[in-house]
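Small disclaimer: the values here were computed from a predicted structure and weren't measured. Reckoned from all heavy atoms, side chains included, excluding hydrogens, waters and symmetry mates. Throughout, protein chains are lettered first and strands after them, A, B, ... in sequence-line order, and every chain is numbered starting at 1.
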Number of protein chains: 2
Amino acid sequence: MPMEANSTADVMVVPISRRSLHEELAARLRDMIVEGALPAGRKVSERELCERFGVSRTPLREALKVLASEGLINLNQNRGATVAALTRADLEEVFPIMGALEALSGSLACARMSDAEIEAVAKLHDQMVESFKAGDRPTYFKLNQAIHRAILIGSGNETLFATHQMLAGRIHRARYMANDDSDRWRAAIEEHEHILAALQDRDGPRLAVILSDHLRNKLASVMRHFSEE
Amino acid sequence: MPMEANSTADVMVVPISRRSLHEELAARLRDMIVEGALPAGRKVSERELCERFGVSRTPLREALKVLASEGLINLNQNRGATVAALTRADLEEVFPIMGALEALSGSLACARMSDAEIEAVAKLHDQMVESFKAGDRPTYFKLNQAIHRAILIGSGNETLFATHQMLAGRIHRARYMANDDSDRWRAAIEEHEHILAALQDRDGPRLAVILSDHLRNKLASVMRHFSEE
DNA sequence: AAATCGAATTATGCATTCATAATTCAAATA
DNA sequence: TATTTGAATTATGAATGCATAATTCGATTT
């Protein structure tokens with residue numbers, strides 16, 4: 001996906017293709033659910049959302065079907081949609097899968113990323129360590145995600161990225177609901193040191209193991225703080 | 001998902017909840033695409049499908065949105081839907097992911113499957129070997145799939161199963177389009193012997209490695225016979 | 001007062017209709 | 001004859017309408 005700055009020429013050629021409404025709606029609703037603006041278990045009223053977004057029910061309902069297939073909402077026949085609740089069982093299912101996917105991505109990334117790209121990850125890592133030292137959780141959280149994302153993308157496998165993203169969306173709420181305690185936070189930073197080192201060494205198998213363990217530890221941390229919704 | 005035989009009592013209680021049309025349509029179309037009844041690249045005409053299934057465009061279009069999110073069809077703004085073509089790049093992306101997922105499932109299955117369930121896999125395996133000896137490819141293919149499926153389900157991780165299923169759907173066409181040659185077929189049987197042995201030994205790490213390799217080898221075989229559509 | 005029944009209301013599932021973008025095809029032009 | 005233009009046709013995107021299932025809420029009964 002090319003991301004050049006918008007030159008005038010670009011603006012003339014590309015930009016007309018507005019996304020269809022169902023796509024736009026799915027993206028917005030997905031974001032609202034993932035970010036917790038729509039709390040888990042809450043009834044999703046078609047009428048209310050139609051009014052909020054100023055669209056008819058047709059594209060909205062199309063978007064709801066897509067989100068249901070992603071596991072973000074549940075559709076009950078003739079009884080409307082509800083935001084899918086996250087259970088401990090969900091977390092125990094999803095985290096190991098993400099671990100396996102990240103392990104694969106790390107392994108591939110070691111072989112495919114350019115030196116410059118790895119250097120960019122190192123920059124993100126340093127910034128992340130800074131935000132840890134400053135106790136700035138929101139920034140830490142963003143940079144942490146950026147690093148994992150960079151490795152996923154660095155794998156060069158778009159399907160891998162997309163699959164991971166879908167699962168990450170499902171558990172995002174829990175991930176930042178349950179903040180790491182200071183011990184776990186420190187340990188996470190240390191794991192990230194190892195992640196960066198393995199990546200810089202381009203040691204795929206080692207990075208795979210580290211990432212898998214990292215996710216396992218993250219699950220344990222989340223589970224400690226997670227209360228069923 | 002309980003699957004008891006339909007007693008009269010069950011029939012009175014459960015069965016009324018007919019699936020919604022969009023769900024039914026998505027399932028039917030998914031099957032048609034996966035099984036190759038709708039060839040890759042082919043335009044998906046809404047009118048034609050509406051007539052065939054006797055429904056209006058509304059639920060059909062809902063189903064199409066879902067299938068698009070699964071990667072089975074492509075939607076082009078104002079220009080309709082087409083069955084997604086499978087490229088070599090797709091296979092090279094999807095197989096390693098399935099390998100990672102099956103490796104995880106094998107690892108979990110070793111810990112969680114009951115002896116009886118493992119015995120059932122052994123039965124499937126023996127039947128599969130029989131069909132190999134008989135040169136019966138269709139039966140071999142079905143039993144092979146049944147074994148992988150049993151291990152996926154044996155992992156006890158429904159999300160893992162669902163994620164795998166979605167990816168498997170995307171590449172199913174290629175998998176049976178490109179039949180193994182006799183050398184590869186023989187090798188596949190041998191790999192399955194190792195799979196069964198590791199499962200019976202409940203040696204999770206070993207099974208994970210074997211399954212991952214198995215998928216890698218399958219990819220190589222498919223790639224040899226696969227011609228871009 | 002609590003529980004139950006049922007009419008009224010509301011929401012959902014699907015069909016139909018409308019507006020617009022894409023495509024087709026024949027006529028006009030070079 | 002090949003190419004281009006544009007009117008007619010067709011298909012898609014989205015809104016509206018209709019039938020039915022679910023829910024609400026007040027009246028009735030115990």
Side-chain angles (χ1 to χ4, degrees), chain A residues 11-30 32-33 38-85, chain B residues 11-30 32-33 38-85:
Chain A
V11 173
M12 300 304 289
V13 178
V14 180
I16 309 97
S17 72
R18 200 177 96 256
R19 283 203 289 190
S20 56
L21 283 184
H22 81 94
E23 224 172 330
E24 187 68 36
L25 288 167
R28 298 258 208 122
L29 288 171
R30 189 180 294 115
M32 288 170 69
I33 294 170
L38 291 178
R42 161 129 157 222
K43 178 97 196 299
V44 177
S45 160
E46 293 184 5
R47 191 180 48 72
E48 185 186 322
L49 291 175
C50 286
E51 284 170 10
R52 181 203 285 241
F53 292 117
V55 299
S56 77
R57 286 172 56 217
T58 304
L60 177 73
R61 285 168 59 80
E62 290 169 353
L64 291 180
K65 304 294 183 284
V66 170
L67 295 178
S69 89
E70 294 175 11
L72 289 176
I73 65 175
N74 297 321
L75 297 178
N76 304 76
Q77 182 83 305
N78 290 320
R79 293 168 53 167
T82 53
V83 177
Chain B
V11 172
M12 300 304 288
V13 179
V14 178
I16 308 99
S17 71
R18 200 177 97 256
R19 285 204 285 190
S20 57
L21 282 184
H22 81 93
E23 225 173 330
E24 187 68 36
L25 288 167
R28 298 260 208 121
L29 288 169
R30 190 181 294 117
M32 290 170 69
I33 294 170
L38 291 178
R42 159 125 158 227
K43 177 94 197 298
V44 177
S45 160
E46 292 184 5
R47 189 179 49 74
E48 186 186 322
L49 291 175
C50 286
E51 285 171 10
R52 180 202 285 242
F53 293 118
V55 299
S56 77
R57 286 172 57 218
T58 305
L60 178 73
R61 286 168 58 81
E62 289 169 352
L64 292 180
K65 304 295 183 282
V66 170
L67 295 178
S69 89
E70 294 174 11
L72 289 176
I73 65 175
N74 297 321
L75 297 178
N76 304 77
Q77 181 83 302
N78 289 323
R79 292 169 53 171
T82 54
V83 177

Inset, instruction - Applying side chain to side chain contact (heavy atoms under 4.5 Å, CB included) between A/Leu29 and each of A/Leu49, A/Leu72, A/Ile73, A/Val83, report the one that passes. - result: A/Leu49

Inset, instruction - Starting at atom CZ of A/Arg19, determine the distance to atom C1' of D/dG13, rounded to an integer number of angstrom. - result: 16 Å

Inset, instruction - Establish, with yes or no, whether the OP1 or OP2 oxygen of C/dT12 is under 4.0 angstrom from a side-chain nitrogen or oxygen of A/Lys43. - result: yes

Legend entry - DNA chain C contacts among residues 48-65 of chain A, heavy-atom distance under 4.0 Å: A/Arg57, A/Arg61

Legend entry - d(CZ, A/Arg47; C1', D/dT16) in whole Å: 17 Å

Inset, instruction - May I have the distance from B/Leu75 (atom CG) to C/dA21 (atom P), rounded to whole angstrom? - result: 19 Å

Inset, instruction - Give the rounded distance in Å between these two atoms: CD of A/Gln77 and P of C/dG13. - result: 6 Å

Inset, instruction - To the nearest Å, give me how far apart CD (B/Glu46) and P (D/dG13) are. - result: 6 Å

Legend entry - Closest approach of B/Arg30 to B/Val66 (non-hydrogen atoms, all atoms of both residues): NH2-CG1, 4.3 Å

Legend entry - Residue list, salt bridge (charged side-chain N to carboxylate O under 4.0 Å, His left out) with B/Arg79, at least two apart or on another chain: none

Legend entry - Pair B/Leu25-B/Arg28, side chain to side chain contact (heavy atoms under 4.5 Å, CB included): steps then yes or no: CA-CA 5 Å; B/Leu25 288 167; B/Arg28 298 260 208 121; 5.7 Å; no

Inset, instruction - Provide, to the nearest angstrom, the distance between the CG atom belonging to A/Asn78 and the P atom belonging to C/dG13. - result: 6 Å

Inset, instruction - Rounded to the nearest angstrom, tell me the gap between atom CG in A/Leu21 and atom P in D/dG13. - result: 11 Å

Legend entry - Distance below 4.0 Å between A/Arg79 side-chain N/O and C/dT12 OP1 or OP2: no

Inset, instruction - Starting from C1' on D/dG13, measure out to CD on A/Glu23 and report it in whole angstrom. - result: 12 Å

Legend entry - Test side-chain hydrogen bond (donor to acceptor under 3.5 Å, both in side chains) applied to B/Thr58 - qualifying residues, sequence neighbours left out: none

Inset, instruction - Working to the nearest 0.5 Å, report the span between CG of B/Leu64 and CG of B/Leu75. - result: 6.5 Å

